Amino acid sequence: MAFDIYDFTTLTSSIHQSLSESLPPLAVEMIEWTLVGLSMLIFVALFGLILVYLERKVCALFQQRLGPMRVGKWGLLQTIADFVKLLMKELITPNRADKFLYNLAPFIVIIVTFMAIAAIPFAKGLQALDFDIGVFYVSAISSLGVIGILLAGWASNNKYSLIGAMRSGAQIISYELSVGLTLITMIIFAGTMQISGIVDAQASGWFIFRGHIPAIIAFIIFLIAGTAETNRGPFDLAEAESELTAGFHTEYSGIKFAFFFLAEYVNLFIVSAMATVLFLGGWQPLHFGSFEGFNQVMDFIPPIFWFFGKVMFIIYMIMWFKWTFPRLRVDQILTLEWKYLLPVNLFNILLMTLIVLMGWHF
Amino acid sequence: MKALIQYISTILQGLLTLVKGMAVTGHYFFRPKLITTQQYPENRQTLKMFDRFRGEVIMPHDENNHHKCTGCGICEMNCPNGSIEIITKMIETPEGKKKKVIDKHIYHLGMCTLCNLCVKACPTGAIVMGQKFEHAVWDRTQLTKVLNQPGSELMKDVKE
Amino acid sequence: MSNNLQDKIETQEYIVNMGPQHPSTHGVLRLMVNLEGEIVKNVDPVVGYIHSGIEKMTESLAYPQIIHLTDRMDYLSAHMNNEAVALCIENALQVEVSDRVKVIRTLMAELQRLASHQLWWCVMGMDMGALTTFFYGLRDREMILDIFEETCGARLTLNYSTPGGVMFDLHPNFQKRVKEFTKYFRKVLPEYNQLLTGNVIFKERTVGLGPLSKEDAIAYGVTGPTGRASGFACDVRKHNPYSAYDRVQFNEILRTDGDTFGRYQARIDEMYESLNIIDQLIDNIPEGDYQAKMKGVIKLPEGEFYQRVETARGELGVYILSDGKKNPYRVKFRSPVFSNLWVLNHLIKGQKIADLVAVMSTLDLVIPDIDR
Ligand code: SF4
Ligand code: SF4
C-alpha cells in the first residue's frame, strides 16, 4: 500500500484496488463506506476531546489560570475522565417531557455535524464527499442543527430551555443568511461550488490575499456569523449561563448532554474548516508569488498539517472572541445581523462581482 | 452621504473597541508567567499563612507541658456563640491551700466564628490563634477539642 | 392580517422563577419574573431565603460581640459594617478614639470599598457574559485580601473594629503593601476600562437601560453609587463625615444619567476616588493608641443611638435602642441593599430578560444584607 503524506489519493486508490480485486463492487462500496464512517467517528470523538481540552487550557491562559492540571500530566487526560463521568451519569428525563422528541433531539444535532464533516477536505485526496455543490451542501446541512436545538428546548418542558431554543432559532436563521452571502461572495470569486475545486484554485495564492478587500471583509463577516452559528460566546444566548442557567440543554444529562457538548465543538471545527477552505487555501501551503526558496520550504510541510494549523488558528480566534466579549442581547443580535452584516455583505457581493468582472485581483 | 459615513464609522469604531478588548486578554495569554493560580495541595510545604491569620484557637504549651490558663472563664464569657466551655477543678497545693485550676478548656471549633474576642480578652494570654486551616474531619465530634493537654499545669509565674 | 393572527393566537404571560438557586442572583434571592416572550412584565423579589436573624441575635449579645455578626450581613463591606457599630457605641459612650484609629479605619474602609467594587466589576462582567473579567477582578482583589489578612487576620469576616479602636495595630508591612497595591491598581484599572467599559457590546447593552430618576432614587431610598448615578447626593462620607473623612479631599461621584451604564461608571469612578483617599492617608498615619481604654463590660446609657456610614453599596444605618443593660434592647440595621433591591421592578419593567441580569448587577446585591 503506497502511503504518501503529501497526497492521499494514492492511499485511497490503493485500498480501493486491493479491495476490488477480491470482492464484488457492491461489497467494496459497503466496506469503503464503513471504513470512512469509522474513521469519521474516531476523528470526531478524538478531535472533540482534544478541542475541549484546548478550550479549557486556552481559556485558562486568557484568564491567568492554569486550567486542568490534575488528571495526567498538565491535565491531559482530564477530558477523557470527564467523558467517562458523563457516560456513567444517569439519564434523566424530566416529568411530562415529550419523551420521543426529547430523546431525538441530541441525535439530530450530532448526526447533522457528522453529515457536514463528510464534505471537509483534510488534505489532498482526503475528503469523503466531493459534490460539485459542496459549499452549498455544507451550508444547507449545518443549518439543520437548529432543529435539534429547537426540539430540545421544546421537548424538555422547561421554560429556560424554551427561551433558549427560541433565541437560538431566531439567531441561526438570521445568521445563516450572512454565512450564505459570504459563501456566495467567495463562490463568485472562485467560480465553482466544488470544495476540491475551490481548494485547487488557491494553489497559487490564498483567496484572502488574492481577493483582497472584499475577501477580507467577507472573512471577518464569516468569522462573526460563524461564531453565531456555533452558538458560542458572545453569541451564546441559547445557553446564556447567567440568564438561562444552561438554556436549551438545561434538562439533559449524561451522554445526551455530551452529544450537545460534542456537537458544539464539532460545529466549531466545521466553521473553522470552512473558513480555511474558503479563505485560507484549505490544505494549500502558503505561497508568495516568486519567492521560490520560500515556496519550496512551505511545500515541504505536509498539507494535512497546513490544514489543521489553519483550522487551529481560526478556532483560537473564535475562542479568543468568546473569552473576551460580553454577550449580546437577543434584539442586538438581530440588529447586528440585519442592520450591519447584511447590508455590508450585499455591498460586498457587488464589490466582489465588480472585481471579478474587471479582473482587479491577483 | 453623511449618514453613510457615520454608519461606516460606527462599524469601525465598534470593531476597534473589540480589538482593544482582545488586546488585553491577548496580553495575558502570551504571558503565562503572570498566572496567579496556586496549586494548593502540592504547595503545602511552601504555603505560609500570615502570622495573624485566624485559623483556630490554640493554647500554647511550653516544653514542660505548662500553659498559662488560670481557668478564670473570661474567654468563655466573651465568646459570642458559646464555643468555649471552661471546666475547673479544685486541687490542693503543696502548701495545703485549696486552689481552683483548669480541668478542661473545651473548644468547639465547629461553632467558632474565629472572631478573636476570646484571645483578646484572656488576661494571661493563654490562648492564641493558630494558623492551621485544614479543619475538615469525618465526624464533627472531632471538632470539639480540649485545649489544655492532659497532665498539663499552670506556668509558675502567671499572675492570677 | 397580522392583527387577525394576533387575535386568534392565544398568548399568555408566564412566570419564571429565577432563583433561589440561579447563577445570576449571586445568592439565594428569588425573583418571580412575569414574562411575555422575552419581555419582563413584572418582577417580584421574594426575600428571606438566607434570613440569619442577626438583628434578633444582637439582643442577647454584649456590644463588642455584636460587631462580629455584622461581618456577615454585607460580607463585602465587612469593615464598614464593623465600623458603623463601633462608631455608634463610641458615640453613645462619648468615647474619643485616637487619630490613628480614625485613619486606620478610613484606610481599611476604602480598601474594602475597592475590594467590593472589584468583585462587583468582575461579577458584572460575568453576568454580561464576559467571563474573563471575573478572574481579572478576583486577581486584583486578592491583593487587598492579603493586606487584610496580614493586618486583621481574616480575609472576609474581618471583625477589625472594636468599640474604642481596632483589634490589632497595623502590621509593619501594611504601608508597603498598600503602596504596592495602589501603584499596581492604578496601572490595571485602565485595563478594566479597555476590556469592558469601552466595549461596544457592553455599551450597547447598558447605555440608556433602566434609567432611574433622581426623584425616584430619593423616593425608593436608593443610596450608594446606585443613587449617586442618578444625581442623588447621598454620600455619607461627604455630608456627614465620620472617622477621618473630614481630613481628606475627595469628590463625591455624582452623575446625571442614572442608567445602567451610569451606575457602572459611578463605581469605576469611585475606585479612582478610593485610590485618592488611600494615597492621601497612607503616608501620614498618625501615631497613637490603636485601642482606647474601655470598661470591661460595656454598658450603653439608656436611649436611642443612630450612626450611619457609607458602605460600598450605600448608606448603612445602625440604630441601637438601649435600656442601660449590657445587651441592647433592640438593634436595627438600615441596610443599603434592602432598599436598593425594591427599585428593581421599577427599572426593569418592559425590558428583556438579559437586561434584568444587567440591571441587577448594577444594583450590586448582596443577599445576606437583605435578609439580615
Ligand atoms: S474566636 Fe470568637 S467564636 Fe471562637 S472561641 Fe474565641 S470568642 Fe468564641
Ligand atoms: S484561656 Fe484565658 S480567659 Fe480563658 S480561662 Fe484560661 S486564662 Fe481565662
Side-chain angles (χ1 to χ4, degrees), chain B residues 9-29 31 34-38 47-57 72-84 111-123 128-133, chain C residues 57-58 60-69 71-72 82 125 130-133 135-136 138-140 142-143 145-160 162 167-169 171-173 188 190-204 291 296-297 326:
Chain B
S9 74
T10 11
I11 294 181
L12 291 183
Q13 271 167 8
L15 280 178
L16 187 71
T17 62
L18 296 183
V19 171
K20 269 189 190 163
M22 286 172 69
V24 175
T25 43
H27 172 87
Y28 288 112
F29 183 83
R31 279 167 191 74
L34 293 177
I35 285 179
T36 43
T37 316
Q38 298 185 7
L47 190 67
K48 192 168 167 331
M49 306 306 285
F50 293 106
D51 310 331
R52 290 180 186 172
F53 174 70
R54 309 206 288 257
E56 59 175 343
V57 177
C72 64
I74 291 177
C75 53
E76 187 180 7
M77 266 163 47
N78 269 282
C79 180
N81 41 37
S83 307
I84 295 179
M111 280 154 67
C112 174
T113 50
L114 305 168
C115 66
N116 205 39
L117 290 177
C118 52
V119 175
K120 194 166 180 255
C122 176
V128 294
M129 280 289 176
Q131 259 90 52
K132 191 174 158 227
F133 59 93
Chain C
M57 269 154 87
T58 52
S60 54
L61 290 181
Y63 288 102
Q65 296 175 340
I66 292 175
I67 292 175
H68 95 286
L69 280 180
D71 282 338
R72 284 145 183 92
N82 294 167
L131 294 143
T132 302
T133 61
F135 295 91
Y136 292 175
L138 283 190
R139 170 196 71 196
D140 304 334
E142 202 67 5
M143 295 184 74
L145 295 192
D146 277 350
I147 295 171
F148 283 157
E149 194 179 346
E150 196 167 41
T151 290
C152 320
R155 302 167 77 81
L156 202 61
T157 51
L158 304 176
N159 192 23
Y160 187 54
T162 56
M167 187 72 90
F168 307 99
D169 203 356
H171 195 274
N173 284 346
V188 175
E191 244 170 47
Y192 282 24
N193 289 332
Q194 211 181 335
L195 189 60
L196 202 58
T197 320
N199 191 303
V200 59
I201 304 175
F202 181 78
K203 275 245 171 92
E204 280 291 312
Q291 171 75 51
V297 178
K326 72 179 174 54

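Within every chain, numbering begins at 1; the chains are lettered A, B, ... in the order of the sequence lines, protein sequences first and strands thereafter. Predicted, not measured: the structure shown is a model, and the values here were computed from it.
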To the nearest 0.5 Å, what is the distance between NE2 (B/H27) and CD (C/Q194)? 10.0 Å
Side chain to side chain, B/L114 and C/N159, heavy atoms closer than 4.5 Å: no
Between chain C and each of B/G21, B/G14, B/P80, count heavy-atom pairs under 4.5 Å; write down the option with the most. B/P80
Name all residues meeting the side chain to side chain donor-acceptor pair (under 3.5 Å) criterion together with B/N81; count only those two or more places apart in sequence or in a different chain, and write none if there are none. B/S83, B/T113
Has the side chain of B/R54 got a donor or acceptor atom that lies under 3.5 Å from a matching backbone atom of C/L158? yes
So, the part of C/D146 with a heavy atom under 4.5 Å from chain B: the answer is both
Is any side-chain heavy atom of B/T25 closer than 4.5 Å to a side-chain heavy atom of C/Y136? yes
Hey, what do you get for NE2 (C/H171) to CG (B/D51), rounding to the nearest 0.5 Å? 5.0 Å
Please examine the side chains of C/N199 and B/K20, heavy atoms only from C-beta on, and report whether any two atoms are closer than 4.5 Å. no
Which portion of B/T36 sits near chain C, non-hydrogen atoms under 4.5 angstrom: side chain
Rounded at 0.5 Å granularity, tell me how far CZ in B/R52 sits from CD in C/E150. 8.0 Å
Does a side-chain heavy-atom distance below 4.5 Å link C/T151 with B/F50? no
If you count the non-hydrogen atoms of other residues, nucleotides and ligands that lie under 6.0 Å from NZ in C/K326, is the total more than 12? no
Side chain proximity check, B/Y28 to C/T132, heavy atoms < 4.5 angstrom: no
Where on C/L61 is there a heavy atom nearer than 4.5 Å to chain B: the side chain, the backbone, both, or neither? side chain
For B/C115 and C/M167, work out which heavy atoms get closest and say how close. O-CE, 3.3 Å
At a 4.5 Å cut-off on heavy atoms, which part of B/M129 comes close to chain C: side chain, backbone, both, or neither? neither
Looking only at atom types and distance, does a side-chain atom of C/Q65 sit under 3.5 Å from a main-chain N or O of B/N78, one as donor and one as acceptor? yes
Qualifying residues under side chain to side chain contact (heavy atoms under 4.5 Å, CB included), relative to C/Q291, sequence neighbours excluded: B/K120, C/T162, C/M294
